[in-house]
Asks: 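Sharing a structure here in structure tokens format.
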Amino acid sequence: MGVEELERNIIVTSLERLVNWGRKYSIWPLTFGLACCALEFMVAGSASVDMARFGSEVARPSPRQADLMIVAGTLTKKMAPMVKRIYEQMAEPKWVIAFGACACTGGIFRTYNVVQGVDQIIPVDVYVPGCPPRPESFIAALIKIQEKIEKETVRERKLISIP
Amino acid sequence: MTETRKNSILEALKGRLVSAYEFREELTLIVKKEDVRGVLRTLKETFSYDMLTDLCGVDLREPPRFAVVYHLHSMKYGDRIRVKVRVEDGDEVETVSDMWGCADWLEREAYDMFGIRFKGHPDLRRILLTDDFVGYPLRKDFPTEGYDFDRPFEVRLEEEMA
């Protein structure tokens, strides 16, 4: 192996970009669903949509190993403490997608037993409307999260807006 | 339900029924609040209604306000019977959770949704809603959105509750 060959294989970048590049293509979602929207999340992992293309196929059953929480479905007030507990158990950095009308705003359930949007209990990065949203919408949300990660700094996580 | 079985049930419970009627070959008995436990015991022990399929509350909006409905099923004869008892708001019905184990949770549900209290129940507290919930949601005068709907929801973890 000559020195010439080696030269062509060296890319100069900042550590920040390298870390973000790594994080961006290894968002491990948490296996977690609350209602019918979770089925769309399953489809997102199947062959026709295949979120493995974006490095997110490794769904983790343990919150300790997951980076992305997809709140897919209706969040009842009884379930809210458990969801908050799971969110707190996830290691930083972590991201949240509110998937579906119920997770975004409570949806059709303007009732006494449903939390009117998961952002009342945990911070949300991307909202996906729809009842239920198509799996393509999930992929779009995943790409939005990737765009967000690109702009983040390693030392501190601050509020980032994406167009 | 056969005619002979129906007649023997009505004969055995004579004097303890407010009324009884038949619909689609199934018998419904309406009993007084004081008699409900005795009637259900007779149905279970003498007529082998060994399974309590459902126990539910009804808000009828006319005095006496509520009804508790017991749906019984006989494994041996393969027929069903319904027992209804009317109760006023604040009244207590005697529990049947010692006769049918499943009545424990069903009575808790009736208490949770209607506020009907069951005397002698081992653990009468809310089952579907949170312990700090205000009101009884299946009552007809309960607003669908509940109380304090516009206030932000505060989540409390288990260790914060104590």
Side-chain angles (χ1 to χ4, degrees), chain A residues 30 32-37 62-64 66 69-92 94-125 127 131 159, chain B residues 54-61 65-66 89-90 102 104-118 121-162:
Chain A
L30 184 68
F32 165 66
L34 293 172
C36 31
C37 279
S62 162
R64 306 284 185 203
M69 184 186 217
I70 303 139
V71 187
T74 320
L75 180 67
T76 57
K77 286 182 180 173
K78 186 100 170 179
M79 194 65 187
M82 292 71 151
V83 172
K84 189 162 168 86
R85 163 90 20 103
I86 292 169
Y87 177 77
E88 285 177 354
Q89 282 174 342
M90 283 165 68
E92 289 275 1
K94 51 192 171 185
W95 297 273
V96 176
I97 294 176
F99 193 69
C102 296
C104 291
T105 63
I108 56 167
F109 301 107
R110 199 182 155 82
T111 54
Y112 58 91
N113 56 341
V114 173
V115 179
Q116 304 295 303
V118 286
D119 50 5
Q120 298 206 2
I121 61 163
I122 52 175
V124 174
D125 293 286
Y127 296 85
C131 189
L159 207 61
Chain B
D54 202 359
L55 187 162
C56 42
V58 187
D59 186 355
L60 290 146
R61 276 193 285 190
R65 186 172 172 180
F66 299 109
D89 196 357
C102 67
D104 186 333
W105 283 14
L106 295 170
E107 283 175 355
R108 276 177 69 187
E109 189 187 354
Y111 165 70
D112 197 359
M113 292 292 155
F114 293 95
I116 301 165
R117 304 191 72 87
F118 292 88
H121 190 281
D123 182 27
L124 194 66
R125 61 193 163 89
R126 289 189 183 274
I127 184 168
L128 295 170
L129 298 164
T130 48
D131 287 331
D132 55 354
F133 191 86
V134 180
Y136 301 103
L138 286 190
R139 288 189 177 192
K140 296 290 184 191
D141 56 3
F142 185 87
T144 316
E145 295 171 355
Y147 306 109
D148 295 325
F149 181 77
D150 293 328
R151 221 181 50 191
F153 174 69
E154 280 172 33
V155 64
R156 284 160 76 205
L157 297 178
E158 223 169 66
E159 60 268 21
E160 294 166 0
M161 299 277 264

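Note on naming: letters A, B, ... go to the chains in the order of the sequence lines (proteins, then strands), and numbering restarts at 1 for each one.
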Asks: Which region of B:Phe153, side chain (C-beta onward) or backbone (N, CA, C, O), has a non-hydrogen atom less than 4.5 Å from a non-hydrogen atom of chain A, or is it both or neither?
Replies: both
Asks: Pick one of side chain, backbone, both or neither for B:Tyr147, based on which atoms fall under 4.5 Å of a heavy atom in chain A.
Replies: neither
Asks: Would you name the heavy atoms of B:Pro137 and A:Tyr112 that are closest together and state the gap between them?
Replies: CB-CZ, 3.2 Å
Asks: Under 6.0 Å from the CZ atom of B:Arg117, do we count more than 12 heavy atoms belonging to anything else shown?
Replies: no
Asks: Got a donor-acceptor contact below 3.5 angstrom from the A:Lys78 side chain to the B:Thr130 backbone?
Replies: no
Asks: Please round to the nearest 0.5 Å and tell me the distance separating atom CZ of A:Arg85 and atom CG of B:Leu157.
Replies: 5.0 Å
